[in-house]
Amino acid sequence: MSGIWVVLEERDGRVSRASWEALAAGQMLGKLTSKAVNAAVIGGATEALATEAAAKGAAEVARIEHALLTPYTPDGYTVALHQFLEQEKPEYVVFPHTYQVRDFAPALAARMNEVLISDVVGMGEGPTFTRQLLQGRLAGAYSHPGSGPCFVSVQAGAFRADEGSAGTAEVTTFAPTIEAVQLRTKPGQPFRGSAQTVDLGSAQRIVSVGRGIKEADNLPLVQELAAALDAEVAASRPICDNGWLPMERQVGSSGQTVSPKLYLAVGISGAIQHLVGMKGSQCIVAINKDAEAPIFEVADYGIVGDLFEVVPALTEAVKASK
Amino acid sequence: MKIIVAIKQVPERDAQVRIDAAAKWIEESDVQYAMNESDAYALEEALQLKEKHGGEVVVLSAGPGRVGTTIREALAKGADRAIHVDCNDLATRDALSVARLLAEAIKPESPDLVLSGLQSDDLGYGQTGVILAELLGVPHASLILTVEKTDGGLKVKRELEAGWFQEIELPLPAVLAMQSGGNKLRYATLMGIKKAKTREMRVVGCDDLGAASPALATLDNVTLPQKQKSTQMIEGDAKQAAATLVEKLKFEARVL
C-alpha cells in the first residue's frame with residue numbers, strides 16, 4: 001500500500017483547475033489519514049503536465065504515458081490506470097469529478113471490485129466523505145469499509161486549490177501495456193454546439209430562470225425584469241432542454257460558468273449542476289416557492305413566494321427606483 | 001435491435017422529504033414517486049430507435065413493489081415488456097451492488113444495446129451505465145444526447161463540458177448512459193395505457209439473481225446540508241418584499 005494517488009486531468013495542454021482542487025482534497029485526506037499524497041498525470045505526452053504537477057507539493061509524480069492514451073478513451077484510461085494501480089496498490093485514489101472521470105472511473109473501480117464514491121463535497125475524520133443527495137436537499141456521509149483502494153471523485157469548487165504549496169517531487173514514468181484493439185470506441189474531434197452570440201461570462205447582472213416558470217409563454221415575465229435591471233437572461237438546463245431558450249443561455253456544468261455582480265435566480269431549485277455554474281457570483285438572489293430549495297443554501301437574499309406575483313412586483317420596484 | 005432500458009423510480013422533484021428515524025435515508029411513505037429524468041430520455045431514445053429500425057424495447061427497473069407504476073408508465077409509452085428486479089434495500093446498496101443486480105438480469109436477454117440515464121435524481125451516483133458496460137464486457141459511452149445506427153454499430157453525440165460536444169463511434173453490443181435533453185419526451189396515449197396492462201412484466205427476486213456484493217461504500221448517515229452562506233430571507237407580500245429587496249440590492253449589496 002502506498003498512500004494516496006490523485007489523478008490529474010489535462011485541459012488545453014495544462015493541468016486543469018479542477019485537478020488542483022482534487023489535489024487539495026488529496027492533501028486534506030493525507031492529513032486525515034497520515035498518508036503520503038502523490039499525483040499522476042496520464043496521456044500520450046505528459047512531460048509538461050508532470051513538470052507542472054511536481055511543483056505543487058505532491059510527494060511523487062507519476063507519468064502514465066502511452067501513445068494510445070491520446071485522445072482520451074474510457075478503455076485506454078481504464079486499462080492504463082488499472083495496471084498502474086495494481087502496481088502501486090494505493091489506499092485512496094482521488095479524481096476531479098469531471099465529465100471525463102465520470103466516463104471511466106466507475107468502470108476502473110468496478111474492474112478492481114471497488115466502487116467510486118462520486119461527487120464528494122467534504123471530508124471528515126474516519127475518513128468519511130460527504131456527498132449531496134436528492135439534488136442537494138440532503139447530505140450523506142459515506143465510508144469505505146473494504147480493504148481495497150477507496151476511489152473518490154471531488155466536486156468542482158468544493159475544495160480550495162492551494163496556491164501556496166510548493167515542492168519538487170520526484171517524477172517517475174509508468175509505461176502501461178495497451179493494444180489498439182482494446183480501445184473499442186472511436187472518439188471524434190470536439191466541436192462547439194452553436195455559434196456563441198451571448199457572452200454570459202462578461203455580464204454584470206443576470207436574471208436566470210428555471211422550471212418554476214412552468215411554460216415558455218411565461219418567459220416575458222423574466223425578460224421584462226431583466227430589461228429593467230439591464231441584465232442578461234439565462235436559464236437552468238431544463239429550460240434549454242425544452243427549447244424555450246437557446247442552449248447558449250444555459251448556466252451550469254454543461255453550459256456556461258458565470259460570476260456576475262448580481263445573479264437573480266427565478267424558480268430555480270438549485271441542483272448542483274446549476275450551482276457549480278453560478279455560485280461564484282458576487283450577490284445571489286433566489287425567488288422560489290419552496291423554502292427548502294437548495295438554491296437558498298447559496299443565496300445572499302431569498303424570497304419564498306409565488307414568482308408570478310413576486311417577479312412583476314420586482315420589475316415595478318426596480319423601475320420605480322431609477 | 002433489442003434494447004434494454006434501465007430506469008429508476010425516484011422521489012418526485014418537488015417532494016418534501018423528511019429524514020428517517022435512523023438518519024439513514026428518507027421517510028419513503030411521505031413522498032410521491034416518478035421516473036428519473038435522464039432515464040425518461042433513455043427510454044425515449046430507445047423507442048425512437050425501435051421505430052426507425054424495428055426490434056424490441058425491454059424496460060428494467062430495480063426497487064420495491066411501488067416501482068410497478070413507473071414500469072407501467074414506460075410500457076404505456078411503448079416499451080414491449082418489462083423486468084422488475086424486486087428489492088427493498090436499494091438505498092443502502094452502492095452503485096456496484098445495484099449494477100450487479102441489473103447485469104445479472106440483463107445477461108440472459110443478450111441485448112444489442114443497453115441504455116441507462118446518466119444519473120439518478122435521488123442518490124446521484126451517476127455510475128450505473130458505465131459499471132454495467134464493465135460487468136457485461138461491452139464498450140460504452142456516457143453523456144449521450146443522440147444515437148444514430150450505422151453499418152458497423154452506433155454513432156453517438158456526447159456532451160462535453162462548457163458547451164462542447166463530440167461524436168463517438170462504437171460497435172454493438174454496447175451500453176450508453178444518456179444525458180437529458182437530446183429528444184422531446186412523448187406522453188403516454190390512452191391506447192398506450194390500455195395496452196400496457198396486457199404487456200408482460202416479469203418479477204425477479206433480487207436474491208434469486210445471485211449477485212451478492214459486499215458493501216464497498218456505505219451511507220452511514222443523512223443530514224440537512226450545511227448552509228454555505230447566511231441568507232437574508234425577505235418577508236412580506238410580493239410588493240413589500242420586492243421593495244425591500246431593491247433597497248437592499250442598492251444600498252447593502254450595492255449591485256444596482
Side-chain angles (χ1 to χ4, degrees), chain A residues 74-75 98-99 102-103 106-107 110-111 114-119 128 132-146 184-188 190-193 237 241 253-255 261-262 282-283 285 290 292 296-305 309-310 313-314 317-318 321, chain B residues 11 14 16-17 19 94-96 121-127 130-131 133-135 139-143 159-161 163-171 180-181 214-225 227-229 231-234 238-239 241-243 245-246 248-250 253 255:
Chain A
D75 286 335
T98 59
Y99 276 17
R102 294 167 67 164
D103 191 49
R111 194 163 293 186
E114 284 294 336
V115 71
L116 172 71
I117 302 177
S118 56
D119 212 4
T128 60
Q132 295 173 313
L133 302 170
L134 292 152
Q135 311 252 321
R137 284 161 186 271
L138 299 175
Y142 286 74
S143 59
H144 175 259
R184 295 166 294 181
T185 60
K186 285 196 181 60
F191 60 91
R192 268 214 174 275
R237 181 167 187 121
D241 277 353
S253 53
S254 51
K261 269 167 47 180
L262 172 65
Q282 189 187 323
C283 176
V285 178
D290 177 8
E292 305 291 321
F296 290 118
E297 308 292 332
V298 300
D300 298 282
Y301 300 103
I303 297 177
V304 176
E309 290 173 17
V310 175
L314 190 54
V318 171
S321 77
Chain B
D14 293 331
Q16 295 293 321
V17 292
I19 298 169
D94 59 48
L96 179 60
D121 293 338
D122 55 356
L123 291 166
Y125 297 140
Q127 302 183 39
V130 176
I131 300 177
E134 174 68 18
L135 297 178
H140 76 271
S142 67
L143 288 140
E159 183 179 287
L160 303 174
E161 277 147 343
W164 290 76
F165 301 91
Q166 174 185 41
E167 277 187 344
I168 293 176
E169 289 180 57
L170 69 171
S180 55
L216 297 165
T218 55
L219 174 50
D220 301 324
N221 76 82
V222 174
T223 55
L224 290 170
K227 281 189 87 66
Q228 296 172 29
K229 273 187 177 175
T231 310
Q232 284 191 45
M233 298 308 283
I234 297 170
K239 210 173 162 188
L245 178 61
V246 170
K248 288 191 179 283
L249 292 180
K250 237 179 162 165
V255 291

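In what follows, chains are A, B, ... by sequence order, proteins preceding strands, each numbered from 1.
- Of the listed residues B/Ser142, B/Pro139, B/Gly181, the one with more heavy-atom pairs under 4.5 angstrom with chain A than any other is B/Pro139.
- The residue among B/Lys250, B/Met233, B/Lys239 with the most heavy atom pairs within less than 4.5 Å of chain A is B/Met233.
- Heavy atoms of B/Ala241 lying under 4.5 Å from chain A belong to its backbone as well as its side chain.
- Interface check for chain B: of the options A/Ser321, A/Ala110, A/Gly305, A/Gly146, the most heavy-atom pairs under 4.5 Å are formed by A/Ser321.
- Of the listed residues B/Glu169, B/Gln16, B/Glu167, the one with more heavy-atom pairs under 4.5 angstrom with chain A than any other is B/Glu169.
- For B/Ile234, the parts lying near chain A are the backbone and the side chain together; criterion is any non-hydrogen pair under 4.5 Å.
- Here the options are A/Leu134, A/Leu133, A/Leu138, the test is side-chain contact (heavy atoms from CB on, under 4.5 Å), and the partner is B/Asp122; only A/Leu134 passes.
- Donor-acceptor pairing under 3.5 Å is lacking for the side chains of A/Thr128 and A/Ser143.
- When heavy atoms are compared at a cutoff of 4.5 Å, B/Glu134 approaches chain A solely by way of its side chain, counted from C-beta outward.
- Comparing B/Ile19, B/Leu143, B/Leu249, B/Ile131 by how many heavy-atom pairs each has under 4.5 Å with chain A, the most go to B/Leu143.
- Using a 4.5 Å cut-off between heavy atoms, B/Pro225 contacts chain A through both its backbone and its side chain.
- In this structure, A/Gln132 CD and A/Asp119 CG are separated by 6.5 Å, a value rounded to the nearest 0.5 Å.
- Interface summary for chain B: among A/Asp300, A/Leu314, A/Thr185, A/Leu262, the most heavy-atom pairs under 4.5 angstrom belong to A/Asp300.
- Counting heavy-atom pairs under 4.5 Å between each of A/Glu292, A/Glu309, A/Arg102 and chain B puts A/Arg102 at the top.
- Heavy-atom pairs under 4.5 Å with chain A peak, among B/Val17, B/Leu96, B/Asp94, B/Leu216, at B/Leu216.
- Comparing A/Val310, A/Asp290, A/Asp75, A/Leu116 by heavy-atom pairs within less than 4.5 Å of chain B, the highest count is held by A/Leu116.
- Within the model, atoms OG1 of B/Thr231 and CD1 of A/Ile303 stand 12.5 Å from one another, a figure rounded to the nearest 0.5 Å.
- Heavy atoms from other residues, nucleotides or ligands lying under 6.0 Å from NZ of A/Lys261 number more than 12.
- For a residue to count as touching a neighbouring chain, one of its non-hydrogen atoms must lie under 4.5 Å from one of that chain's; by this rule B/Leu245 touches chain A with the side chain only.
- Proximity of A/Phe296 to A/Val304: side-chain heavy atoms (C-beta onward) are separated by under 4.5 Å at one or more points.
- A distance of 15.5 Å separates OH of A/Tyr99 from CH2 of B/Trp164, quoted to the nearest 0.5 Å.
- To the nearest 0.5 angstrom, B/Ser180 atom OG is 8.5 Å from B/Asp121 atom CG.
- Shown here for B/Leu219 and A/Gly140, the closest heavy-atom pair between the two residues is CD1-CA, 3.6 Å.
- Put simply, of B/Leu135, B/Asn221, B/Leu170, B/Leu224, the one with the most heavy-atom pairs under 4.5 Å next to chain A is B/Asn221.
- For B/Val130, the parts sitting under 4.5 Å from any heavy atom of chain A are the backbone and the side chain alike.
- For A/Arg192 and B/Glu161, the salt-bridge test fails: no basic side-chain N is under 4.0 Å from an acidic carboxylate O.
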